[in-house]
Amino acid sequence: MATNSSDNIDQLNEVIVAMVPFPDYSHLNQLFILGRFIASHNIPVHFLCLADRNQDLKLHVQGDLRASNIHFHDILVPSSLVEIEDAGDDLPSIVLFIKSLVEPIRRTCIDLSTNTKRLVLIHDSIIMDHVRDVHSYPNVKSYMFHSISAFARYSLLRQSIDHIVDDDDHEEMMEKMQDEFPLLESSGAQFATMLLRKEHEWKLNSGEIMNSCRELEGKYLDLLANAKDNKPWLAVGPLHMLLESHDSSNRSRHECLEFLDKQDVNSVILVSFGTTTTFSQEQVNELAVGLEQSDHGLIWVLREADKKMENEKFEEKDKKIELPKGFEERMMVRNWAPQLEILEHPSTGVFLSHCGWNSCIESISMGVPLAIWPIQYDQPYNAILVTNVPKIGTSVKSWAHQEELVTAKAVEKAVKTLMDTTEGEEKRQRAMELSNKIKNSLSHGGVARKEMESLISCIIK
């Protein structure tokens with residue numbers, strides 16, 4: 001079932017938008033930013049997500065005037081479906097969790113369709129089956145949202161679909177990289193083949209939306225559009241830049257930014273591996289030593305993986321991460337930090353990252369080169385994009401040796417390459433040039449701005 005925290009709608013709206021994210025933070029944050037952008041155009045937005053996720057999001061927008069146009073709907077998962085008994089592989093638990101969301105999401109969307117002349121669904125690609133029945137209503141149209149890069153999606157499609165538009169440069173890259181180019185079975189995304197085929201064959205949506213920009217991925221956006229009915233592929237990113245100027249006004253300044261104010265330009269390393277990575281104690285030790293030996297300022301966002309999307313019975317095996325004695329006194333280590341504001345600060349010189357798409361596009365848009373350490377899923381494809389297309393990244397860990405320990409020496413070498421060499425300076429220069437192109441594209445009359453305006457037009461027309 002679902003509960004609606006918004007007030008009753010007193011009159012029939014001309015159009016409302018229902019945002020239906022997959023409830024992992026790396027997915028839902030993108031759709032929430034897009035929802036806030038749409039709401040700023042005086043279009044009511046209804047956000048359908050798990051209750052605890054909605055609560056976090058409500059706190060995030062406190063004091064934002066646009067929040068009054070966003071209505072939260074708590075999707076409640078039947079408790080009997082959350083308790084998974086399978087041992088070993090956690091894939092069945094993920095599949096069952098996704099299926100448990102079908103009925104509450106379907107019911108909420110149908111209810112919303114009765115309160116408007118037109119309902120526009122913007123749903124995560126993983127949630128397409130959840131809104132299938134809603135398309136039978138004549139006042140409903142939808143857009144599928146992809147939370148990964150166009151390059152990653154194209155690379156994955158080519159491994160999943162027999163007949164798809166070929167690209168000679170992509171073929172040459174795969175041949176040149178050989179076992180360095182990730183395959184579905186090596187990236188932890190085995191379940192993606194069936195999903196990708198279903199997405200590719202899906203005919204019910206009016207278009208597809210990506211958190212990307214043509215300055216970075218124009219070629220791959222065109223390849224994807226040509227491979228599927230030539231329906232519009234709207235690149236409305238980088239999404240975080242839509243609201244950037246509004247988000248920090250009501251918050252006190254974080255201590256990490258005070259630390260950066262005292263550092264030299266391009267002298268500090270930001271280290272973060274997102275919300276789904278937990279390293280072994282041995283790997284944490286090597287990483288800590290390598291970072292300290294690189295002899296640069298450091299902000300390390302160190303936390304355990306978010307367990308809410310995983311099988312809870314494995315939690316008891318996790319142990320608290322320990323850092324070398326005195327490390328936290330010498331270096332800045334936090335379990336959370338304002339990543340965007342840190343990347344934007346002139347003292348930040350390198351981002352050591354797992355290459356989640358949110359982190360990649362944030363770093364690229366801020367002109368900060370990346371030290372690449374992909375872990376799973378789409379991350380190795382994003383790593384290839386960053387290092388081979390704009391060429392603004394340096395590999396810390398070889399994908400062909402993904403199971404091996406990364407030594408302190410390898411960490412130190414990668415950081416020093418980006419911070420202290422001519423090669424690193426050239427990558428930084430390319431990163432800044434690309435950042436400027438992206439920012440210009442978002443300005444009035446720019447390509448990205450026109451695509452964002454096109455999305456709003458599609459919604460209201």
Side-chain angles (χ1 to χ4, degrees), residues 1-24 27-58 60-61 64-78 98-147 202-209 234 236 455-461:
M1 61 178 292
T3 61
N4 186 350
S5 62
S6 64
D7 295 329
N8 291 330
I9 301 173
D10 295 322
Q11 58 184 8
L12 200 64
N13 289 290
E14 287 291 327
V15 59
I16 63 175
V17 174
M19 314 291 290
V20 191
F22 180 63
D24 178 83
H27 289 244
L28 73 88
N29 282 336
Q30 296 184 50
L31 268 183
F32 189 57
I33 294 174
L34 182 59
R36 292 166 69 191
F37 174 72
I38 294 170
S40 71
H41 290 75
N42 201 30
I43 301 170
V45 171
H46 294 253
F47 202 80
L48 285 59
C49 201
L50 301 181
D52 62 325
R53 304 307 205 215
N54 278 342
Q55 189 58 37
D56 289 345
L57 296 173
K58 289 176 189 177
H60 187 67
V61 295
D64 188 336
L65 294 177
R66 290 165 301 198
S68 62
N69 220 13
I70 299 178
H71 311 276
F72 293 90
H73 298 256
D74 295 337
I75 301 302
L76 305 180
V77 181
I98 293 172
K99 286 183 177 179
S100 73
L101 302 176
V102 171
E103 185 55 24
I105 287 176
R106 185 191 73 84
R107 211 177 294 160
T108 304
C109 288
I110 290 174
D111 288 345
L112 286 172
S113 71
T114 65
N115 287 316
T116 181
K117 292 182 179 178
R118 185 168 67 259
L119 174 66
V120 178
L121 292 171
I122 301 179
H123 62 89
D124 193 292
S125 58
I126 297 176
I127 307 293
M128 58 187 168
D129 277 333
H130 300 56
V131 297
R132 180 187 295 274
D133 292 348
V134 187
H135 287 93
S136 63
Y137 286 69
N139 66 332
V140 174
K141 69 175 182 177
S142 72
Y143 292 85
M144 187 183 294
F145 181 83
H146 301 279
S147 63
W202 189 260
K203 305 294 184 183
L204 298 176
N205 58 291
S206 299
E208 318 218 9
I209 302 171
L234 297 169
V236 296
L455 173 62
I456 298 300
S457 296
C458 288
I459 291 171
I460 61 178
K461 71 180 181 182

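Residues take their numbers from the sequence shown, with the count starting at 1.
- Listed by chain and number, the residues in a side-chain contact (heavy atoms from CB on, under 4.5 Å) with H41 are F37, I43, I456 (sequence neighbours excluded).
- The aromatic rings of H46 and H73 sit tilted, their planes meeting at an angle between 30° and 60°.
- Under the side-chain contact (heavy atoms from CB on, under 4.5 Å) criterion, D111 pairs with no residue at all, not counting sequence neighbours.
- With sequence neighbours excluded, the residues forming a salt bridge (charged side-chain N to carboxylate O under 4.0 Å, His left out) with R106 are E103, listed by chain and number.
- Between the OH atom in Y137 and the CG atom in L112 there is a gap of 11.5 Å [rounded to 0.5 Å].
- Taking CD1 of I209 as the reference point, atom CG of L34 lies at 6.0 Å (rounded to 0.5 Å).
- Note that the CD1 atom of I126 and the OG atom of S147 stand 6.0 Å from one another [nearest 0.5 Å].
- To the nearest 0.5 angstrom, K141 atom NZ is 11.5 Å from N205 atom CG.
- The shortest non-hydrogen separation linking S113 to V140 is CB-CG2, 4.0 Å.
- Side chain of N54 to backbone of F72: no donor-acceptor contact under 3.5 angstrom is found.
- D124 is linked by a side chain to side chain donor-acceptor pair (under 3.5 Å) to H27, counting only residues two or more places apart in sequence or in another chain.
- Among residues two or more places apart in sequence or in another chain, the side-chain contact (heavy atoms from CB on, under 4.5 Å) test is passed with N29 by Y25, L57.
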| said: Walk me through whether L101 and L50 qualify under side chain to side chain contact (heavy atoms under 4.5 Å, CB included). | reply: CA-CA 9 Å; L101 302 176; L50 301 181; 3.9 Å; yes
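- Applying the salt bridge (charged side-chain N to carboxylate O under 4.0 Å, His left out) test to K203 and every residue at least two apart in sequence or in another chain returns D229.
- The minimum heavy-atom distance between W202 and M144, with the atom names listed, is CD1-CE, 3.5 Å.
- The minimum heavy-atom distance linking H135 with S142 is given by the pair NE2-OG, 2.7 Å.
- One distance of note links CG of L48 with CD1 of I105; it measures 6.5 Å at 0.5 Å rounding.
- Side-chain atoms of R118 never come within 3.5 Å of backbone atoms of V17 as a donor-acceptor pair (strictly under, hydrogens ignored).
- Under a 4.0 Å N-O distance rule, the pair R53/D56 does not qualify as a salt bridge.
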